[in-house]
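This report refers to the structure that appears directly beneath it.
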Amino acid sequence: MAIHGGDIYGTDIQKTVEEGKEILDFSANINPLGMPESVRQAVMMSLSAAEHYPDPECRKLKQALARHHGIKTESLICGNGGAELIYRLTYALRPKKALLTAPTFAEYEEALRQTDTECTFYEMQPDLQIREDILDEMDSSLDVMFVCNPNNPTGILTPRSLLDQILKKAEVCGILLVLDECFLDFVKDPEKYTLKGKLEKYPGLFILKAFTKRYAIPGVRLGYGFCSDRKVLDRMEAVTQPWNVSTMAQQAGMAALKESEYVE
């Protein structure tokens, strides 16, 4: 069953809302500071532009993301949340065999099951660490592998040195490494852990990011990804419905990227 966190709309919970009680939703990892006021204002101001279709290519948002991350715009893809990009990637590539860590974010397996992908698992020990023996699980029979850093839901970081080894082994074996860095924003010195500086050298690397957690806007739905292999991104675009990122989401993203004080 596709059971997911973040569903606060059931009968019992709505009764709590109607009674005026506060909801503390522990099933979703969202910034407790709440939405930045500038992002809230950007969403409200964008409503007048909602009379028109949104930019289907997210041009201004991609330009802002490229400046923020030091990434080429042609290496960017935007989506209706990080989860949508996971499904688009899976539907675009339709991998025959995948490697996942266990436990990890459930959406990877759910998306892969929908394309009849054979899923194999690296089961972590009781301390929930990824170790070097994961390299023994990687071979040319794999088409894709997903690694979440820090892992969701454990919050545990994989050392940068091990990530480098995984990336090199993936290149040798012809495996697309999907690295989910959606929670890396909550780590001190995230630049020490991100692999975005490896994108140009390793076209078989796809990095997943989202505005959801850092800026507390899960209801807006806005995610993005990096990959230097334009063929991968083009195939993802080919399985995308038109106007998948709303005007409100694009404006929220551009406002959020200016929020350096809030992030600190």
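One-based numbering along the sequence shown.
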Original post:
Run the side chain to side chain contact (heavy atoms under 4.5 Å, CB included) check on Cys119 and Leu99 step by step: do they pass?
Top reply: CA-CA 6 Å; Cys119 294; Leu99 175 63; over 6 Å; no
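- With sequence neighbours excluded, no residue forms a ring pair (Phe, Tyr, Trp, His ring centres under 6.0 Å) with Tyr202.
- A salt bridge links Asp164 with Arg160: at least one charged nitrogen is closer than 4.0 Å to a carboxylate oxygen.
- No donor-acceptor distance shorter than 3.5 angstrom exists from the side chain of Thr194 to the backbone of Pro190, with no hydrogens or angles considered.
- Counting only heavy atoms from C-beta outward, the side chains of Val220 and Thr212 never approach each other to under 4.5 Å.
- Note that CG of Asp143 and CG of Leu93 are 9.0 Å apart. Values are rounded to the nearest 0.5 Å.
- Two residues are said to be in side-chain contact when any heavy atoms from C-beta on lie closer than 4.5 Å; Asn152 and Asp180 fail this criterion.
- Side chain of Asp185 to backbone of Arg214: no donor-acceptor contact under 3.5 angstrom is found.
- In this structure, Leu176 and Gly204 approach most closely via the heavy-atom pair CD1-O, 3.3 Å.
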Subject >> Full working for salt bridge (charged side-chain N to carboxylate O under 4.0 Å, His left out) between Glu191 and Lys196 >> reply: CA-CA 9 Å; Glu191 294 299 319; Lys196 66 183 181 182; 3.4 Å; yes
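- The shortest distance between side-chain heavy atoms of Leu85 and Met236 falls below 4.5 Å.
- Between atom CG of residue Leu162 and atom CG of residue Leu135 there is a gap of 6.0 Å, rounded to the nearest 0.5 Å.
- From Met254, atom CE reaches atom OG of Ser46 across 9.0 Å, with rounding to the nearest 0.5 Å.
- Within 6.0 Å of CZ on Phe121 lie more than 12 heavy atoms contributed by other residues, nucleotides or ligands.
- A centroid separation of less than 6.0 Å is found between the aromatic rings of Tyr224 and His69.
- Taking the six-membered ring where tryptophan is involved, the planes of Tyr215 and Tyr262 are essentially parallel, since the angle between them stays under 30° and well short of 60°.
- Taking the six-membered ring for Trp and the full ring otherwise, the centers of Phe146 and Phe105 sit at least 6.0 Å from each other.
- Minimum heavy-atom separation, Tyr53 to Thr247: C-OG1, 4.4 Å.
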**OP:** Mind running side chain to side chain contact (heavy atoms under 4.5 Å, CB included) on Leu163 and Leu195 for me, showing each step along the way?
**Re:** CA-CA 8 Å; Leu163 286 176; Leu195 291 189; 4.1 Å; yes
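- By the 6.0 Å contact criterion, CD on Glu132 is open, its count of non-hydrogen atoms from other residues, nucleotides or ligands being 12 or less.
- The main-chain N or O of Ala98 is never found under 3.5 Å from a side-chain atom of Thr117 such that the two would form a donor-acceptor pair.
- The environment of Glu51 atom CD is sparse: at most 12 non-hydrogen atoms of other residues, nucleotides or ligands sit within 6.0 angstrom.
- Annotation: side chain of Ser228 is not in contact with side chain of Lys201 (no heavy-atom distance under 4.5 Å).
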Original post:
Do Leu167 and Lys198 pass the side chain to side chain contact (heavy atoms under 4.5 Å, CB included) test, and can you show the C-alpha distance, the side-chain angles, and the key distance before you say yes or no?
Top reply: CA-CA 9 Å; Leu167 181 58; Lys198 302 279 189 176; 3.8 Å; yes
Subject >> Candidate pair Glu37 and Arg40, rule salt bridge (charged side-chain N to carboxylate O under 4.0 Å, His left out), full reasoning >> reply: CA-CA 5 Å; Glu37 184 58 30; Arg40 192 184 308 276; 3.5 Å; yes
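- Atom-to-atom distance recorded for Leu157:CG and Leu184:CG is 7.0 Å, nearest 0.5 angstrom.
- Around the CE atom of Met45, the shell of radius 6.0 Å holds no more than 12 heavy atoms that belong to other residues, nucleotides or ligands.
- Counting heavy atoms from C-beta on, the side chains of Leu177 and Phe206 never come closer than 4.5 Å.
- Minimum interatomic distance between Ser27 and Gly6 (heavy atoms only, all atoms of both residues): OG-N, 2.8 Å.
- A salt bridge links Lys192 with Asp189; the closest basic N to acidic carboxylate O contact falls under 4.0 Å.
- For the atom pair CD (Glu123) and OG1 (Thr101), the distance works out to 10.5 Å, reported to the nearest 0.5 Å.
- Just one residue in the list Gln125, Gln129, Arg131 forms a side-chain hydrogen bond (donor to acceptor under 3.5 Å, both in side chains) with Asp127, and that residue is Arg131.
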Original post:
Given the rule in the side chain to side chain contact (heavy atoms under 4.5 Å, CB included) test, do Thr120 and Leu142 qualify, once you have shown the distances and angles that lead to the verdict?
Top reply: CA-CA 9 Å; Thr120 59; Leu142 296 170; 4.0 Å; yes
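- Tyr87 and Glu110 share no donor-acceptor pair across their side chains, judged by distance under 3.5 Å alone.
- Put simply, the side chain of Arg230 gets close to the backbone of Glu74: a donor and an acceptor are under 3.5 Å apart.
- Distance alone, capped at 3.5 Å, is enough to place a donor-acceptor pair between the Lys169 side chain and the Met138 backbone.
- With a 4.5 Å cut-off on side-chain heavy atoms, Ser38 and Lys258 do not count as touching.
- Residue Ile30 shares its hydrophobic cluster (ILVMFWY side chains chained together at separations under 4.5 Å) with no other residue.
- Counting heavy atoms from C-beta on, the side chains of Tyr108 and Cys148 come closer than 4.5 Å.
- Note: Thr158 OG1 to Ile166 CD1 = 6.5 Å, rounded to the nearest 0.5 Å.
- No donor-acceptor contact under 3.5 angstrom links the side chains of Lys62 and Thr73, judged on distance only.
- Looking only at side-chain heavy atoms (C-beta outward), Leu208 and Glu181 stay at 4.5 Å or farther from each other.
- Inspection of the Arg94 and Thr115 side chains reveals no N or O donor paired with an N or O acceptor under 3.5 Å.
- Side-chain contact of Gln250 with Asp55: a donor-acceptor pair under 3.5 Å is absent, judged by distance alone.
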